[in-house]
Amino acid sequence: MQIYNSLNRRKEEFVPLESGKIGIYACGVTVYDLCHIGHARSLVVFDVIYRYLKYRGYDVNFVRNFTDIDDKIIKRSNERGITWKALAEQYIDEFYKDMDRLGLLKPTHEPRATDHIEEIVKLVQKLEEKGLAYEVDGDVYYRLQRFKGYGKLSGKNVDDLLSGARVEVDDRKESPLDFALWKRSKADEPSWPSPWGEGRPGWHIECSAMSQKFLGDTFDIHGGGKDLVFPHHENEIAQSEGASGKPLAHYWVHNGFVNIDQEKMSKSLGNFLTIRELLEECHPEVLRFFVVASHYRSPIDFSQESVTVAAAGLERLYHSLDRLLEKAAGSVAAESCSLDEKIEAWRQDFIVAMDDDFNSAAAVAVLFDASKEINRWLDEETKAIAPQAAARVAGFLRELGGTLGLLQENPRGFLQRTTGKGNDQLDVEEIEGLIVGRATARKERNWAEADRIRDLLDAKGVVLKDSAEGTKWQRKR
RNA sequence: GGCGCCAUCGCCAAGUGGUAAGGCAGAGGUCUGCAAAACCUCCAUCCCCGGUUCAAAUCCGGGUGGCGCCUCCA
């Protein structure tokens, strides 16, 4: 397996520290607001990596944290007149709601910064002992220039940073680049006791402390959005490696951004879209499909059209699954069928694609190849297909799809879902009642009436598909 | 100013030395009462200019055009 390592900017053969086991840490969210689709991409990307590594038989220890104390949380809780704790709890709840709807697997551990103050304090103390940190009036800073190798992840060098630094007015720091490990708390701010007085952790230290606790000094993969490369991950390296003297992670994986209508998504531009808002009009798997249809490192452009295209593609896959399930019955273990060899070949192709730096776009193409071939098989051998064979092929499609978090819904339910775009004017009973009426008209060769009903359904967002077995329907996108 | 990424069919998007995956859209056909769906067929030589090589979308150099980071950010 090859993984692109941000540390060296090239693909490298992936070799786990311990054979068969993988430790992975993905930076989670700071809980002061609802998650947006940029979070969604990152969450889905690492969920897929997690799923795939497990699929390949690894024992994966996946850690994703919550940063539940920081300046933004304090600021917002003050604005709302609630405690920082209440705000954090609220958004952790909201996070879980989004996560469930997106079908994200639960990580092995989901540690919170404020549950690890003790570890954080110890880590800061260790850095202080090593001369890599110093205290000023209850604040503790990282002594950046004492750490060799600062900038190795983000490709920056300290001199450039110094000359380009937007000068902070803080003479207490030895260097403008030094960053806070521990912050003395003001009167009514949340605080914890420490050797430097009452205070709270700085931004980056919690990840160093928690990754160390759950994964050790050195682990396999560390990831997050591209925007975390600098300064967050660079600082994590300085903290963790400064303290332990060992490499933090062997492979650094960063996902690309989400743009909206070719523009960077940002609050100031007002083109911010929360996961919640998006899910009102598109199925979670459609969002996943959209994410997974591009390589995780490329920037992706989100738009109304891109969602529609993603939905069209996913529906194509679900349609094959629907046809298979219609024929399927009984136990999956059955006599061989003419698709068996191809199934094995597709599985291999899929693995080859995903083994190449999690190339989910190429993996999705394998799904489409399979879908096309399966449809042909269904068309040509209809009568000869054993129910068990159909069940097995369906199971295969879901096996690969499941690795990407796709095709887990009931296909009929998926195809007949409403999208909040005017295709939900009729409920299932009404639709099926009309279809029965149309069937009667067709039997009587009353084409005018049959077409009238079809047009009526069409106008209400329902598309009909006639076949020898009867009429199926689905809702329009 | 410093560091880095990208440029492939109408749109989206794989492909990092051996002669361009896949999806959407489009054209023709099969099926259908007619449609829809499905299936079959068709649909690009890879931003420009040099270079390396038997061979380059793929490597190197130079352009042009996008974008990101350097401040909170997935």
Side-chain angles (χ1 to χ4, degrees), chain A residues 6 9-11 26-30 32-33 35-46 70-72 75 151 154-157 159-166 168 203 223-232 234 254-259 262-267 289-290 293-295 297-301 303 305-306 308-317 319-320 322-323 349 353 356 359-369 371-380 415 442 445-448 450-451 454-455 457-458 462-468 471-474 476:
Chain A
S6 306
R9 291 192 208 91
R10 58 166 186 257
K11 280 188 203 170
C27 286
V29 295
T30 299
Y32 74 105
D33 205 349
C35 289
H36 56 250
I37 59 177
H39 293 110
R41 181 184 196 188
S42 192
L43 258 8
V44 167
V45 163
F46 286 97
D70 97 317
D71 293 347
K72 295 189 293 294
K75 181 163 179 270
S154 54
K156 302 184 183 308
N157 74 62
D159 292 337
D160 287 346
L161 285 170
L162 271 174
S163 62
R166 311 184 186 192
E168 280 180 68
W203 173 33
K226 238 185 178 105
D227 49 351
L228 293 182
V229 172
F230 188 91
H232 185 57
E234 196 66 62
H254 294 101
N255 64 272
F257 291 129
V258 177
N259 293 139
Q262 336 246 37
E263 272 186 324
K264 180 180 171 162
M265 181 172 67
S266 79
K267 291 194 171 168
F289 184 92
F290 169 66
S294 298
H295 188 90
R297 279 187 280 117
S298 314
I300 49 177
D301 187 55
S303 66
E305 198 204 342
S306 61
T308 306
V309 169
L314 225 210
E315 280 171 20
R316 183 179 173 79
L317 261 19
H319 193 255
S320 293
D322 186 38
R323 294 180 67 189
D349 289 346
D356 182 13
N359 191 337
S360 56
V364 167
V366 175
L367 250 28
F368 280 110
D369 287 340
S371 168
K372 182 171 217 144
E373 196 75 33
I374 288 166
N375 285 335
R376 183 171 10 196
W377 179 66
L378 251 11
D379 281 351
E380 289 173 358
L415 294 168
R442 292 182 73 206
R445 306 183 69 79
N446 184 352
W447 309 127
D451 290 349
R454 186 171 63 200
D455 291 344
L457 285 165
D458 184 76
V462 176
V463 185
L464 300 185
K465 299 174 183 181
D466 294 330
S467 75
T471 298
K472 293 200 279 185
W473 62 273
Q474 72 181 60
K476 287 198 267 191

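Please read these numbers as outputs of a predicted model, since none were measured by experiment. Chain letters run A, B, ... following the sequence lines, proteins first, then strands; residues in each count from 1.
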Atom [atom1] of [X] and atom [atom2] of [N]: how far apart are they, to the nearest Å?
X: A:R376; N: B:C39; atom1: CZ; atom2: C1'; answer: 8 Å
X: A:Y32; N: B:A74; atom1: OH; atom2: C1'; answer: 11 Å
X: A:D349; N: B:G22; atom1: CG; atom2: C1'; answer: 12 Å
X: A:D379; N: B:C39; atom1: CG; atom2: C1'; answer: 5 Å
X: A:N446; N: B:G33; atom1: CG; atom2: C1'; answer: 12 Å
X: A:K226; N: B:G68; atom1: NZ; atom2: C1'; answer: 8 Å
X: A:F290; N: B:C24; atom1: CZ; atom2: C1'; answer: 14 Å
X: A:H232; N: B:C70; atom1: NE2; atom2: C1'; answer: 17 Å

Compare the minimum distances between each of [options] and the side chain of [X], then state the nucleotide with the smallest one.
X: A:K465; options: B:A37, B:C72, B:G33; answer: B:A37
X: A:R323; options: B:G68, B:A38, B:A74; answer: B:A38
X: A:M265; options: B:C73, B:U16, B:A74; answer: B:A74
X: A:V258; options: B:G4, B:C39, B:A74; answer: B:A74
X: A:F257; options: B:A74, B:C24, B:C70; answer: B:A74
X: A:V309; options: B:G23, B:G33, B:A35; answer: B:G23
X: A:A312; options: B:C24, B:G33, B:C69; answer: B:C24
X: A:N255; options: B:U16, B:A38, B:A74; answer: B:A74

[M] and [N], which share atom name [atom1], separated by this distance in whole Å:
N: B:G1; M: B:G51; atom1: P; value: 31 Å
N: B:G4; M: B:G63; atom1: P; value: 16 Å
N: B:C6; M: B:C12; atom1: C1'; value: 16 Å
N: B:G61; M: B:U52; atom1: P; value: 15 Å
N: B:G22; M: B:A14; atom1: P; value: 15 Å
N: B:A37; M: B:C31; atom1: C1'; value: 11 Å
N: B:C43; M: B:U16; atom1: C1'; value: 26 Å
N: B:C11; M: B:A25; atom1: C1'; value: 8 Å

Quick one: label [X] by what it contacts on the DNA or RNA (base, sugar-phosphate, nothing), any heavy atom closer than 4.0 Å.
X: A:H254; result: nothing
X: A:G151; result: nothing
X: A:K472; result: nothing
X: A:V364; result: nothing
X: A:G38; result: base
X: A:L464; result: base
X: A:D227; result: base
X: A:V229; result: nothing
X: A:D369; result: sugar-phosphate
X: A:S320; result: nothing
X: A:K156; result: base
X: A:S294; result: sugar-phosphate

Under a 3.5 Å limit for both distances, which nucleotide forms a Watson-Crick or G-U wobble pair with [N], could you say?
N: B:C69; answer: B:G2
N: B:C9; answer: none
N: B:G18; answer: B:C54
N: B:G33; answer: none
N: B:U45; answer: none

Item to check | Nearest-nucleotide 5' precedence on RNA chain B, A:K11 against A:R454 | outcome: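 The answer here is A:K11.
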Item to check | Upstream residue (5' side of RNA chain B) when A:I37 and A:A365 are each assigned their closest nucleotide | outcome: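 The answer here is A:A365.
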Next on the checklist: Quiz question: going by heavy-atom distance under 3.5 Å, is there a donor-acceptor pair between the base of B:A35 and the side chain of A:D466?
Outcome noted: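 Indeed, a donor on one side and an acceptor on the other fall under 3.5 Å apart.
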Checklist entry - With a 3.5 Å cut-off and just heavy-atom distances, do the side chain of A:D451 and the base of B:G33 make a donor-acceptor pair? => result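 Counting by modelled atom types and ignoring angles, a donor-acceptor contact under 3.5 Å is found here.
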Checklist entry - Between A:H295 and A:R41, what is the shortest heavy-atom contact and its length? => result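 Distance-wise, the nearest heavy atoms are O-NH2, 3.0 Å.
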Next on the checklist: Using every non-hydrogen atom in the two residues, find where A:K226 and A:H254 come nearest and quote the distance to one decimal.
Outcome noted: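 Heavy atoms of A:K226 and A:H254 come nearest at CA-CB, 4.0 Å.
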If you compare every side-chain N and O of [X] against the phosphate oxygens of [N] (OP1, OP2), does one of them come in below 4.0 Å?
X: A:R316; N: B:A38; result: yes
X: A:N359; N: B:A14; result: no
X: A:S298; N: B:A14; result: yes
X: A:W377; N: B:C39; result: no

Item to check | Centroid distance under 5.5 Å and plane angle under 30°, A:W447 vs B:G33 | outcome: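 Whether judged by distance or by angle, A:W447 passes, so it stacks on the base of B:G33.
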[X] side-chain N/O to [Y] backbone N/O, donor-acceptor pair under 3.5 Å:
X: A:D301; Y: A:Q262; result: yes
X: A:S42; Y: A:H39; result: no
X: A:D356; Y: A:N359; result: no

Checklist entry - Counting only heavy atoms not in A:K476, do more than 12 fall under 6.0 Å of its NZ? => result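 Enclosed.
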Quick one, [X] and [Y] - any side-chain contact, counting heavy atoms below 4.5 Å?
X: A:K472; Y: A:L415; value: no
X: A:D458; Y: A:R454; value: no
X: A:E315; Y: A:Q474; value: yes

Item to check | Mutual orientation of the aromatic rings belonging to A:F289 and A:F368 [parallel < 30°, tilted 30-60°, perpendicular > 60°] | outcome: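 Aromatic pair A:F289/A:F368 classed perpendicular.
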